[in-house]
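Counting starts at 1 for both ligands and their atoms, in listed order.
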Amino acid sequence: MLSATVLIVEDESEIADVLEAYLRREGFRTERAADGERALELHRVVKPDLLLLDIMLPKKDGLEVLRKVRAEGNTPVILLTARAEDIDKLIGLELGADDYVVKPFSPREVVARVKAVLRRARPEEKIDILRVGNLELDIRAVEVKAKQTRLDLTLTEYRLLEALMRAVGRAFTRTELLEIALPDSEALERVVDAHLKNLRHKLSQAGVGDMLETVRGIGYRLRLEP
Ligand code: CA
């Protein structure tokens, strides 16, 4: 199975920690949201392959998130519910969840459900693509397009951009970026600046240079175009 991204939407951080650890061990990529609004934001920018969606959440509850996710597309959703009696209601509402798990659950069981739902939802030949604003990164082709134009990136630039695209809005330190881009090298942090400078130049030529933001005193982040 291709490496898939699972968005864990859960306000209890201990439960989210456990799910994240089990999913990562199985080779999944994970993103986390602790409230409904953040979940919708990440759903739009990260385009996860599946949502693990708790029902009782701050800001927007899981059912409202599910309705909005369904209005935007077919991302598979597995609901996490604390109460078995919710289930009849959920099924009756026909909200379009692909499966549900009742708490307390075994994380192993949740991972098994995730795999089963993904197998149903996505045929093997589906191309794995990340999209952020006008940027499109094709993981299988190791290729990035900005506004439909292919960018001529070095592998290091590609790795940096992939990491930034996977966590839009998050500020990465130079140390983190160095570890991502050149894991086995003894390079200095200013090497990261040089690569990011080249990357920004290429993004600028494609008209999306302002997506790559320097975070003073920290490092860099990717943001959606203003
Ligand atoms: Ca909750």
Practice prompt. For the pair R25 and E20, find out whether any cationic side-chain nitrogen is under 4.0 Å from an anionic carboxylate oxygen.
Written response: no
Worksheet item: Does K103 NZ have over 12 foreign heavy atoms under 6.0 Å away?
Response: yes
Fill in: Atom pair CG (L7) and CD (E41), whose distance is rounded to the nearest 0.5 Å
11.0 Å
Worksheet item: Hey, are T175 and E189 close enough side-chain-wise for a donor-acceptor pair under 3.5 Å?
Response: yes
Worksheet entry | Steps toward salt bridge (Lys or Arg N to Asp or Glu O under 4.0 Å) verdict (D17, R32) | CA-CA 9 Å; D17 285 346; R32 282 166 67 156; 2.7 Å; yes
Worksheet item: Would T214 and R200 count as a side chain to side chain donor-acceptor pair (under 3.5 Å) if you check the C-alpha gap in whole Å, the side-chain angles of each, and the deciding distance to 0.1 Å?
Response: CA-CA 10 Å; T214 305; R200 178 178 282 138; 2.9 Å; yes
Worksheet item: Can you list the protein N, O or S atoms less than 3.0 Å from the Ca ion (ligand 1)?
Response: D11 OD1, D54 OD2, M56 O
